[in-house]
Number of protein chains: 2
Amino acid sequence: MKKANITIKDIAKELGVSPSTVSRALKDHPDIGEETKRQINDLAKRLNYQPNTVALSLRQSKTNTLGVIIPEIAHFFFSAVISGIEDIAHDAGYHVIITQSNESFEREVMNTKALFNSRVDGILMSVSRETENYEHLQSLLDYDIPLVFFDRIIDSLNACKVIVNDEQGAYEATTHLIEQGCYRIAHLAGPQNLAISKNRLNGYKAALADNRYMIDDNLIKVCGLGTFEEAESITNEILEYRFPPDAIFANNDVAAYGAMMAIRKKKLRIPEDIAIVGFSNWRFSSLIQPALSSVTQPGFKMGQEATRLLMKQINKGEDEESITETISLKTNLVVRESSKKI
Amino acid sequence: MKKANITIKDIAKELGVSPSTVSRALKDHPDIGEETKRQINDLAKRLNYQPNTVALSLRQSKTNTLGVIIPEIAHFFFSAVISGIEDIAHDAGYHVIITQSNESFEREVMNTKALFNSRVDGILMSVSRETENYEHLQSLLDYDIPLVFFDRIIDSLNACKVIVNDEQGAYEATTHLIEQGCYRIAHLAGPQNLAISKNRLNGYKAALADNRYMIDDNLIKVCGLGTFEEAESITNEILEYRFPPDAIFANNDVAAYGAMMAIRKKKLRIPEDIAIVGFSNWRFSSLIQPALSSVTQPGFKMGQEATRLLMKQINKGEDEESITETISLKTNLVVRESSKKI
DNA sequence: TTTTTTACCGCAATCGGTTGCGCAATCGTT
DNA sequence: AACGATTGCGCAACCGATTGCGGTAAAAAA
C-alpha cells in the first residue's frame, strides 16, 4: 500500500486552517498563535510531512543544486575532485548533479544545455579533450550562471578557475631529474589545446633553460590519446634514437607507466638507465615497481576550493561586481624509486 | 549585462497571444494555426527560449532525476558504477544526483531524506559499512519510491538488487589456489554485516569443503576497516603461526595488497611461498609486481544494469505489480603472477 | 438565410509552497 | 466609551508551464 506524499494543504484541511497559516507555522512565523503552531507542528510530524523542494525551487528560482561536467567519472583524479565537491556542497545544503562528457565535445555541449535547463545554481567544469569552441561556455556567462573551471580550464574565458600549479610542478620534476644527473630528458606531453598540458611543457622547458640544457624538439612527443599503449609505442620510438634519453618526464602517470613498459621490454633498467617521473600521483603509482615518482595533484582539495569559489559567486548580491578569481594549488613532487639515482 | 531567462509568457506578450497558445504551438498541437505556430517558433528560437524544467517537474510530479547513494566516490569500483549509471540515465533523459555516505550511517540517512525531498524519480544505492538499521530504506519502499540496491545490498528488503556472484567468484578463486597445490589457504574477510563479504566467505568455505579441505577458523580473519595497513598487520599475525598459510584469498584487492606488503617484508616469495588472489580487479592490480590475480567485478555493467532495472520500475504503470528482480552478474577470475605456481 | 461544423485560441485551474496585504477580534489606553 | 494598537489568520497573487473546457468567428452545409 503506497503512502501518499502529504502536502501543506492536507495539513491545512485536517486542521481547518489555511495553507498560509500552515506554511507560517512551520517556519515559526510570529504572526501565528502558539496553540495553532503546536497543533500544526504535531500533525506535520505525525504525518511525516516533507516539504516539496521542487515547489520551493520554482517559487524562489533557486534549486540548491550544482552541476558538474567532467570528461570521465571513473578516473582517480576526477573522482577525487567530485568527492571534494560533494563534501563542500553537502555542508552548504546543495545537491550535486554529475554529468560526463566522455571527452566528447558534442556531449559536453548537451550536458551544458541540460544543466542550464535544470536551472542549477552553478556549474563546475573541466573541459573535454575535444573542446576548442567555447560558445556554450560563453553562453553560460552571458546568462550570469556562476561558473568555475577546474583543472582543464579555458584561459580566455572570464570566469573563476582552480588549477594546480602545473608549470611549477613540471619545473620541479624536471629539475629533480637534472639533479639526479640526467643529461637527455625527454617529455611525453599531453594534447596542446589543454592549458594544463601546455603549462607542464613550459615548466619542463623552463627547467631545462635555467640549467642551460638544450631543448631538443625530438625529445618532446605529444601523446594525444592518453592511453598507456600510446605512450608505450611512442617511448619505443624515442628509445630507437641514436642518442636516446636517460630520463623521461611524462605528462601524467598513465603515460609514465606506458614508458616504463617500453623500457622494461627493452631490458633497460629504471632508474639506472632511464629515470622516470610522472604527473598526478595516482594511487597505483606508489604500488607499482619500481614505485613511480610523481607530482601530486590534490584532487579532493581542488574540488573543495572550486566549490567554495562557486558558493561565493552564488551568494554574492545581484549588483556586486562579478568575481573572477583564480586559485592555484601547490603541487608536491613525491620522489620514489623510479627516479632516485643518487 | 545579464541576459534574462525568458519564459513562455514573454513570448506570449511579445506576440499578443496567450501563454497557452505558446505552449501548444511549441509542442505542435493541432489546435494552433500554422502561421501562429511559425511566429511563435521563430521568436522562441530567436530568444533562445529554454523551458524551465523545474516548473515541469512540479506540474508533472516527475523530476527526471535519479539519486545515488554510495559510501565513497573516489573509489575505483564505485566510480565505475556511477559511470555506468550516468551512461544509461543520460540516454533515457535523466539526471543523476550523487551523494556519498562516507561509510557513515547517519549521513546515509540524511542523504536518503534529502533525495526523497528532492522528489527524485528513483534511487540507486549501496549501503554503508555501518548500516544495520533499515528504517530509512523501508520508508522509501513504503512511499513506493523505485529503489535498486547494488553491490552492498540488504537481503531482507523487498527491492531490486544487482550484485555480482560473489560466492561463485570466491569459490573459483579458492579453487584456483587449491589447483595450484596450496594446502593452507587463509582468507582476509570483510565486515560480516555486508552480504558481499559474507558471500565471499561462503564461497571460500564451499570451495574448501568441496575439496575436502579442513576449514580452520584461525585462517579466517576479518578486516573491518578496509585499509591496506590493517590487512598488512593482520597478515603479519597469521604469518607468525606455527603453521602459516601457503596462500591467501583476500576479500578485496586493497587487503591483498596489504598482505603482499607483509609477505614481502618477511622476505617470503610470492607466489612460491605464499600465493595471493584478491577480489575486484582494480586498475592497479595488473600494474603492481607481482601482478595480482583477482576476481573481476564489472562495475560499469553493474551501474548499467541497476539503472535499467530502475527505469523499468519507474516506467511501470501505477497498478502493475511491483518488480523485485535480482540480477547477479558473472565474475571472472583473472590469473596473474601472484598465484601462478604451476 | 439559417444552421452546423470546423479552425483557433483564451480562461482558469493546477502542481506545492510563499508572502504582501487586509480584515476582524481582542486588548489597552485615555 | 471611544479609539488606536496588537494579535492571529485568510485571500489571492505568484513562480512557469500544462490542459480541459468553452467561446467566437469564419467556412461549410442545409
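Every chain is numbered from 1 and lettered A, B, ... according to where its sequence line falls, protein lines coming before strand lines.
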Inset, instruction - May I ask you to say whether B:R152 pairs ionically with B:E103, meaning some side-chain N is under 4.0 Å from a carboxylate O? - result: yes
Exercise for review: Would you classify B:S57 as touching base, sugar-phosphate or nothing, given that sugar-phosphate means primed atoms plus P, OP1 and OP2, and contacts are heavy atoms under 4.0 Å?
Suggested key: nothing
In short, the helix from C:dT1-D:dA30 to C:dT30-D:dA1 is bent end to end, axes from five pairs each side, to 10°, by 70°
To the nearest angstrom, the CD1-C1' distance between B:I6 and D:dG16 comes to 12 Å
Salt bridge present between B:R46 and B:D42 (N-O < 4.0 angstrom): no
Treating B:N52 as the side-chain partner and B:V54 as the backbone partner, does any N or O pair qualify as donor plus acceptor under 3.5 Å? yes
Under 3.5 Å, side chain of B:D87 to main-chain N/O of B:S83, donor-acceptor pair present?
no
By nearest-heavy-atom nucleotide on DNA chain C, the more 5' of B:A55 and B:G16 is B:G16
From CD of B:Q60 across to P of D:dA17 the rounded distance in Å is 12 Å
Between the side chains of A:E325 and A:K161, is the shortest nitrogen-to-carboxylate-oxygen separation below 4.0 Å, so that they form an ion pair?
no
side-chain N/O A:T21 vs D:dC9 OP1/OP2, d < 4.0 Å: no
Here the distance between atom C1' of D:dG10 and atom NZ of A:K13, to the nearest Å, is 16 Å
query: Under 4.0 Å between a side-chain N/O of A:K9 and OP1 or OP2 of C:dG17, yes or no?
result: no
Looking only at side-chain N and O atoms, does B:Y49 come under 4.0 Å of OP1 or OP2 in D:dA17?
-> yes
In whole angstroms, the gap separating P of C:dC8 from CD of B:Q39 amounts to 14 Å
Q: Select base, sugar-phosphate, or nothing to describe what A:V22 touches, counting heavy atoms under 4.0 Å on all strands.
A: nothing
Distance below 4.0 Å between B:S23 side-chain N/O and D:dT18 OP1 or OP2: yes
With distance as the sole criterion, do the side chain of B:D31 and the base of C:dC8 form a donor-acceptor contact below 3.5 Å?
no
Please list every donor-acceptor pair under 3.5 Å in which a side-chain atom of residues 132-140 of chain B meets a protein atom from a residue at least two apart or in another chain.
residue : atom : partner : partner atom : Å
B:N133  : OD1  : B:E135  : N            : 2.9
B:H136  : NE2  : B:E108  : OE2          : 2.9
B:Q138  : NE2  : B:D142  : OD1          : 3.1

In whole angstroms, the gap separating P of C:dG17 from CZ of B:R59 amounts to 16 Å
note: A:I32, atom CD1; C:dT19, atom P; distance rounded to Å ~ 13 Å
From CD1 of B:I8 across to P of D:dA17 the rounded distance in Å is 5 Å
Answer yes or no: side-chain N or O of A:R24 and base N or O of C:dG17 forming a donor-acceptor pair under 3.5 Å.
no
Discussion item. At less than 3.5 Å, do the side-chain atoms of B:S20 and the base atoms of C:dC11 form a donor-acceptor pair?
Written reply: yes
Heavy-atom nearest pair, A:V68 first then A:V96, reads CG2-CG1, 3.7 Å
